[in-house]
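Below, all heavy atoms of this structure are taken into account, side chains as well, without hydrogens, waters or symmetry copies. A quick note: this is a predicted structure, and the numbers were derived from the prediction, not measured.
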Amino acid sequence: MELNEQQSRAVVFDGPQKNILVTAGAGCGKTRTIIGRVAHLVKRGTDPSRVLIMTFTNRAARELKQRLKSEVGETALTMQAGTFHAFCLKAMTQMPKSFEVSGLCIIDSEDQQSLMALIRKEYAKNHKIPAKELAKPEQLLAYYSYSRNTCQSPQDYLIAQTDMQPDQIAVCMELFNTYQKSKEDRGFIDYDDLLERFSAMLARKPALKHALCTLFDEVLVDEMQDTNPIQFSILKHFCEEGVRLFCVGDPAQSIYRFRGAQFKHVYEFDALFGNTIVLPLSINYRSYQEILDFSNWLLGRSTYRYAHDLIAARGSCGALVRVEDFEHQADEADWIADYICACSERKIALTDIMVLYRTAYEARSLEAELIRREIPYRFIGGTVLTKSAHVRDVLSLLRLVRNEKDDLAWMRYLQLWPRIGEKSAQRVIDSLNDSAPDIEASAVLDTLGGLLGFDHPAVTTYRLVRDRFMNPTECLQAATDQLRPVLCERYDNWTQRTKDFGLLVRVAQNYHSTTDFIDDFTLEPLHDTQISNEHNDEAITLITVHSAKGTEAGICIVAGATQINYPHFRSLGELEAEEEERRVLYVALTRAKNELIVTRSSFQRNAFWVESSPAKGEPYFLQDLPKDLITHTLHGWRPKSPLGLASLGDDF
């Protein structure tokens, strides 16, 4: 593996400082540096099983381990790599008594909303008030989750960050407490429970903390800038037990504040962990210098001090960043489609073109144009496969086979069948709960058959899938085969939906355990395009910027780069929120390898021009574009407003 001087220093560092922070700019080879570090540790004699790698996604972890395999051989497969959530789940699964859990059953965001909705409805009924007077389930969960991930008490968070009155906060606290107890009664664990319980138990049980943390010699953390305070508390446990931290991150790419990520933690690394050294990576291997100059200019206008100006290892190409301005969004979409066709005529592969949007909504005009012209595309950042209704129906069957107390799964599964409504389903669930405190699979089948009839398809399907549960592929095949007849009557567009069942079975072939299959899909839902890409190569990629982290393309078009999107209009008035929007745009710009095009239109669903930002007085990140860094084209009209190009003069 070839490494530059900056990367080599980080890879082999073994100085007196215990903890290492590598600040790696976009395209500067942070993954290569992590792989090099692990390979160095192994070749120096470290047992691979004593290396722990924390990544932002489990998919990134799998790809990293495959690349490590080419460096150190099969021994790479003994390393533990995955997300914080996946690691905590594995630890609790292997040591349930130590973490005081049993029968772990992970629930996703939709299950959380269903449970919170039930609790909210019951509260309103008991207190004889309209449910609409209470905060909505998704809002309640957002408050609760954010407070937990940022290590605040929910009450303190509500007092400080909302305009709720004391009586409203008291109601929220009661709902939070009931929600937590309801999960425990059902054997449910949500995403936040995994991190919170893990960290709390290690803090409460020093012996457990020592035993678990000292299983590792070094913990490597990817995307450090996206970690939140509860994840930092987990890293702190390792640090306190003398385990070395090797963290790689880029504060300029911190764009997950809404999940509790605090990018300033990168700057406070030494204060948080102590005995540290910071090693920068600033040589970019992805883009030409013209693209980096424009990206560096964007960061340079910030009042925040970002650590590096990126330097292109590839040098310059002689082509500046293009800015294309249009009067209407339809004109913008039409031009982008024309440009894609022109690229195709130049024998540029469609897979080498990426169009980035701030939100999925903004992409609709271009999607319509691509469909009209029959230009193949895939959209990433849209439909999540495991959130599609027909796929969740299948997963509900798998979940209730695994955990007979999962009444949310029972409610969904039973109502799939004709003549079983909510009330009938609830009666079945009540009977199942009454049959035994710790109901067993055989008792479930007896109770279910007694209520519905042993030949009822709901009963025969449950029995068949239960018998095949130990084999993931056979289990998924049986579940999809049995549910297909009833689901095809339930949903439209069935030809497309049934293809998803084939994808599920194919993915299941990669698993040794159906439980692992369920947990992985719950912890990290896959987009349908992520699964089917390998069979749909000849297509351009439409992608939201938040989904684009870690991606790149030869030609990138940052579309809809209007004032309402950069900064997003909902961020106006709050300095930190606006500054994160600058980083969102920076992430979009730095995906481009060879050519970067920025497109904008004046008339969209919201007013384009805003006089100024309440927080900073800067109306628009792409205001006063430097003419030495771009080539600019106005298409078909002259703007009434300066369009952010005042410094260009009147030459157009």
Would you call [X] and [Y] a side-chain contact if the rule is heavy atoms closer than 4.5 Å?
X: Asp250; Y: Thr23; result: no
X: Val72; Y: Val38; result: no
X: Leu41; Y: Arg44; result: yes
X: Leu68; Y: Met79; result: yes
X: Val558; Y: Ile597; result: no
X: Leu589; Y: Leu596; result: yes
X: Gln66; Y: Glu63; result: no
X: Leu195; Y: His85; result: yes

Taking [X] for its side chain and [Y] for its backbone only, find out whether a donor-acceptor pair lies under 3.5 Å.
X: Ser8; Y: Glu5; result: no
X: Gln231; Y: Asn228; result: yes
X: Ser547; Y: Ile543; result: no
X: Asp156; Y: Gln152; result: no
X: Asp108; Y: Asp111; result: yes
X: Arg591; Y: Val587; result: yes

* Would you please test Thr55 and Asp222 for side chain to side chain donor-acceptor pair (under 3.5 Å) and show each step? => CA-CA 5 Å; Thr55 59; Asp222 192 13; over 6 Å; no
Can you list the residues that meet the salt bridge (Lys or Arg N to Asp or Glu O under 4.0 Å) rule with [X], with sequence neighbours excluded?
X: Asp217; value: Arg50
X: Arg286; value: Glu552
X: Arg67; value: none
X: Asp193; value: Arg148, Lys183

* To do: Report the C-alpha separation of Lys593 and Asp352 in whole Å, then their side-chain angles, then the decisive distance to 0.1 Å, and conclude whether the salt bridge (Lys or Arg N to Asp or Glu O under 4.0 Å) test is met.
  => CA-CA 10 Å; Lys593 295 167 63 178; Asp352 209 29; 5.1 Å; no
* Should Asn275 and Arg244 be marked as a side chain to side chain donor-acceptor pair (under 3.5 Å) after you check the CA-CA gap, both sets of side-chain angles, and the distance that decides it? -> CA-CA 10 Å; Asn275 195 19; Arg244 166 167 267 171; over 6 Å; no
* Rounded distance [0.5 Å steps], CG in Leu220 versus CE in Met54 ->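 Rounded to the nearest 0.5 Å, the CG-CE separation comes out at 10.5 Å.
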* Measure the OG-NZ distance between Ser98 and Lys205 for me, rounded to the nearest 0.5 Å. => 6.0 Å
* Just do the side-chain contact (heavy atoms from CB on, under 4.5 Å) check on Leu212 and Met95 with the steps written out, would you? => CA-CA 10 Å; Leu212 194 149; Met95 298 181 287; 3.3 Å; yes
Partners passing side chain to side chain contact (heavy atoms under 4.5 Å, CB included) against [X] (at least two apart in sequence or in another chain):
X: Leu629; value: Asp293, Phe294, Trp297, Pro626
X: Leu272; value: Phe232, His265, Glu268
X: Thr276; value: Asn19, Phe269, Asp270, Phe273
X: Glu290; value: Tyr288, Ser316, Cys317, Leu320

Just by distance, with hydrogens left out, do [X] and [Y] show a side-chain donor and acceptor under 3.5 Å apart?
X: Glu241; Y: His210; value: yes
X: Arg32; Y: Asn4; value: no
X: Ser199; Y: Ser233; value: yes
X: Tyr267; Y: Arg305; value: no

* To do: Take Tyr620 and Tyr566, measure what ring-ring contact (aromatic ring centres under 6.0 Å, His included) needs, and give me the verdict at the end.
  => CA-CA 7 Å; Tyr620 179 34; Tyr566 299 105; 8.3 Å; no
* Asked: What pairs with Tyr143 under ring pair (Phe, Tyr, Trp, His ring centres under 6.0 Å), at least two apart in sequence or on another chain?
  -> none
* Asked: In chain order, what residues pass the ring pair (Phe, Tyr, Trp, His ring centres under 6.0 Å) check against His546, with sequence neighbours excluded?
  -> Tyr256, Phe258
* Residues Leu89, Asp519; criterion side-chain contact (heavy atoms from CB on, under 4.5 Å); working and verdict -> CA-CA 9 Å; Leu89 174 61; Asp519 287 343; 3.8 Å; yes
* Asked: Salt bridge or not for Glu581 and Arg358, using N-O below 4.0 Å?
  ->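 Answer for the salt bridge query: yes.
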* Could you walk me through whether Ser282 and Gln6 pass side chain to side chain donor-acceptor pair (under 3.5 Å), step by step? => CA-CA 8 Å; Ser282 58; Gln6 291 177 337; 3.1 Å; yes
* Keeping to residues at least two apart or across chains, list the salt bridge (Lys or Arg N to Asp or Glu O under 4.0 Å) pairs with something in residues 554-566. =>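 Those involving residues 554-566 do not exist here.
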* To do: Using the salt bridge (Lys or Arg N to Asp or Glu O under 4.0 Å) rule, pick out the option among Arg257, Lys549, Arg259 that qualifies with Asp226.
  =>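 Of the listed options, the one satisfying the test is Lys549.
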* Shortest non-hydrogen contact from Leu202 to Cys213? -> CD2-SG, 4.0 Å
* Test Tyr157 against every option in Phe176, Tyr144, Tyr146 by the ring pair (Phe, Tyr, Trp, His ring centres under 6.0 Å) rule and name the one that passes. =>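 So, applying the ring pair (Phe, Tyr, Trp, His ring centres under 6.0 Å) to Tyr157 and each of Phe176, Tyr144, Tyr146, only Tyr146 qualifies.
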* Run the side chain to side chain donor-acceptor pair (under 3.5 Å) check on Arg583 and Tyr306 step by step: do they pass? -> CA-CA 10 Å; Arg583 299 193 294 270; Tyr306 294 100; 3.3 Å; yes
* With sequence neighbours left out, what residues match Thr541 under side-chain hydrogen bond (donor to acceptor under 3.5 Å, both in side chains)? ->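 Once residues adjacent in sequence are excluded, the partners of Thr541 under the side-chain hydrogen bond (donor to acceptor under 3.5 Å, both in side chains) criterion are Arg378.
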* **Derivation and outcome, side-chain contact (heavy atoms from CB on, under 4.5 Å), residues Phe84 and Leu194** => CA-CA 9 Å; Phe84 280 86; Leu194 288 171; over 6 Å; no
* To do: Starting from the C-alpha separation in whole Å, work towards a yes-or-no answer on side-chain contact (heavy atoms from CB on, under 4.5 Å) for Gln225 and Gln262.
  => CA-CA 7 Å; Gln225 75 281 351; Gln262 297 184 4; over 6 Å; no
* Can you spot which of Gln7, Gln253, Glu223 makes a side-chain hydrogen bond (donor to acceptor under 3.5 Å, both in side chains) with Lys30? =>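 So the option named by the test is Glu223.
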